[in-house]
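Sequence lines set the chain letters: A, B, ... in the order given, protein chains first and strands last, and positions in each chain run from 1.
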2 protein chains.
Amino acid sequence: MIKMKEKIKTELCPIRDIICRLSDKWSMLVIVILNDGGTMRFNEIQKAMDDISQRMLTVTLRSLEADGLISRRIYPEVPPRVEYSLTPLGTSLLPALTMLVDWAKENTGAIQESRRSFESVNK
Amino acid sequence: MIKMKEKIKTELCPIRDIICRLSDKWSMLVIVILNDGGTMRFNEIQKAMDDISQRMLTVTLRSLEADGLISRRIYPEVPPRVEYSLTPLGTSLLPALTMLVDWAKENTGAIQESRRSFESVNK
DNA sequence: CAGAATCCACGGCGATACTG
DNA sequence: CAGTATCGCCGTGGATTCTG
């Protein structure tokens with residue numbers, strides 16, 4: 001059996017870096033929303049998230065673009081129009097992301113109950 | 001096709017909460033290491049990570065214990081001995097975690113190259 | 001040995017105001 | 001519409017010291 005630990009310690013300084021980029025407050029959610037919505041404009045994405053600030057959406061989109069997970073197309077019009085969509089690389093992340101979300105969904109109850117009993121013991 | 005966005009917005013305030021707990025600096029790594037090592041003592045885990053502070057390891061372990069992902073067994077001896085191991089719930093997270101790590105591993109090169117070209121364009 | 005407690009630096013993130 | 005710029009809070013996490 002392969003030692004996952006070795007995976008992480010030898011190959012995964014870069015891997016941990018990637019995980020950290022994804023696991024900020026908004027990145028995963030943006031990817032999921034773009035997967036559902038296809039090609040979307042800035043404001044569309046913001047409405048779909050409904051509680052992200054304009055600044056953080058900009059920052060998040062730039063970060064994802066830098067990593068090659070989304071593409072950003074600018075139309076030289078007035079008023080300006082900018083469209084975002086997942087790249088193939090971004091799309092390839094979805095199975096793993098979905099699995100994580102599904103796991104979280106299935107175990108939400110168990111985890112919350114565990115937290116409650118843990119707190120009542122340590123109160 | 002199911003709208004992932006709906007999943008996240010309706011069911012996933014709790015789900016996002018879980019993802020956030022996992023995606024701090026150390027939690028995923030601890031889970032992976034415990035999966036490789038089985039039952040381990042505090043110092044064993046710390047050595048396996050080799051760059052985590054004592055404080056952060058304590059904090060991380062408590063958080064994972066509260067969520068029911070790891071168990072903590074105390075032996076009333078002198079000097080004290082405490083052993084950690086994955087619970088079934090913690091183990092059930094591994095497939096999703098592995099998938100994410102594998103994706104990151106496979107696409108590290110592409111991502112880093114994307115970052116470089118992005119920076120050279122925006123310099 | 002396995003922590004608890006304290007102090008502190010840094011960076012993520014939000015609020016607000018301004019612009020092409 | 002889709003940003004950019006600036007300011008400031010606060011939470012994460014590191015270093016250090018102390019304890020049962």
Side-chain angles (χ1 to χ4, degrees), chain A residues 13 16-31 33-34 37 39-67 70-85 118-119 121-123, chain B residues 13 16-31 33-34 37 39-67 70-85 118-119 121-123:
Chain A
C13 299
R16 199 153 86 189
D17 167 68
I18 293 175
I19 305 286
C20 286
R21 287 278 277 248
L22 289 175
S23 64
D24 61 9
K25 195 169 178 182
W26 303 111
S27 292
M28 293 194 194
L29 192 53
V30 166
I31 291 172
I33 286 177
L34 275 178
T39 298
M40 298 174 78
R41 302 182 59 171
F42 188 92
N43 272 358
E44 279 187 276
I45 301 174
Q46 191 173 22
K47 277 176 195 165
M49 305 185 65
D50 87 8
D51 61 339
I52 189 176
S53 66
Q54 202 172 33
R55 172 190 141 85
M56 284 318 298
L57 182 53
T58 301
V59 170
T60 303
L61 289 170
R62 286 297 180 286
S63 168
L64 292 173
E65 187 197 359
D67 285 5
I70 67 175
S71 76
R72 177 167 175 263
R73 196 164 311 165
I74 308 173
Y75 296 83
E77 305 173 356
V78 181
R81 181 160 59 105
V82 182
E83 289 183 346
Y84 296 89
S85 59
F118 185 83
E119 297 213 345
V121 169
N122 294 44
K123 74 161 183 291
Chain B
C13 300
R16 197 153 87 189
D17 168 69
I18 293 174
I19 305 286
C20 287
R21 287 277 277 246
L22 290 176
S23 62
D24 61 8
K25 197 170 179 183
W26 303 109
S27 291
M28 293 194 194
L29 191 54
V30 166
I31 291 172
I33 286 177
L34 275 179
T39 297
M40 299 174 77
R41 303 183 58 171
F42 188 91
N43 272 358
E44 278 186 277
I45 301 174
Q46 191 173 21
K47 276 175 195 162
M49 306 185 64
D50 86 9
D51 60 339
I52 189 175
S53 67
Q54 202 173 33
R55 172 190 140 87
M56 285 316 299
L57 183 53
T58 300
V59 170
T60 302
L61 289 169
R62 283 299 179 288
S63 168
L64 292 172
E65 186 197 0
D67 284 5
I70 67 175
S71 75
R72 176 166 175 264
R73 197 164 310 165
I74 307 172
Y75 296 84
E77 306 172 355
V78 180
R81 180 159 60 106
V82 181
E83 289 184 346
Y84 297 89
S85 59
F118 184 83
E119 297 214 345
V121 169
N122 294 44
K123 76 160 182 293

Salt bridge (Lys or Arg N to Asp or Glu O under 4.0 Å) filter on A:Glu44, not counting sequence neighbours, yields none
Rounded to whole Å, CG of B:Leu61 lies from P of C:dA4 at a distance of 11 Å
Residue set satisfying salt bridge (Lys or Arg N to Asp or Glu O under 4.0 Å) with B:Arg62, at least two apart, ordered chain then number -> none
Check nucleotides 14-20 of chain C for protein N or O atoms closer than 3.5 Å to its own N or O atoms and list the pairs.
residue	atom	partner	partner atom	Å
C:dG14	OP1	A:Lys25	NZ	3.2
C:dG14	OP2	A:Trp26	NE1	3.4
C:dG14	N7	A:Arg55	NE	3.2
C:dG14	O6	A:Arg55	NE	3.3

Would you mind classifying the nucleic acid contact of A:Tyr75 as base, sugar-phosphate or nothing, using non-hydrogen atoms under 4.0 angstrom?
nothing
CD of A:Glu83 to CD1 of A:Ile45, rounded to nearest 0.5 Å, is 10.0 Å
Rounded to whole Å, CG of B:Asp24 lies from C1' of D:dG11 at a distance of 12 Å
Can you find a side-chain donor-acceptor pair between B:Thr60 and B:Ser27 that sits under 3.5 Å? no
When rounded to whole Å, the OH to C1' distance for the pair B:Tyr84 and C:dC1 reads 11 Å
Which of A:Leu64, A:Val82, A:Leu61 passes side chain to side chain contact (heavy atoms under 4.5 Å, CB included) with A:Arg72? It is A:Val82
Applying side chain to side chain donor-acceptor pair (under 3.5 Å) to A:Thr58 and not counting sequence neighbours gives none
From the candidates C:dC13, D:dA2, C:dC1, the one with an atom nearest any side-chain atom of A:Phe42 is D:dA2
The complete set of salt bridge (Lys or Arg N to Asp or Glu O under 4.0 Å) pairs with one or both residues in residues 20-30 of chain B, sequence neighbours excluded, reads B:Arg21-B:Asp67
Rounded to 10°, the angle between the first-five-pair and last-five-pair axes of the helix from C:dC1-D:dG20 to C:dG20-D:dC1 is 50°
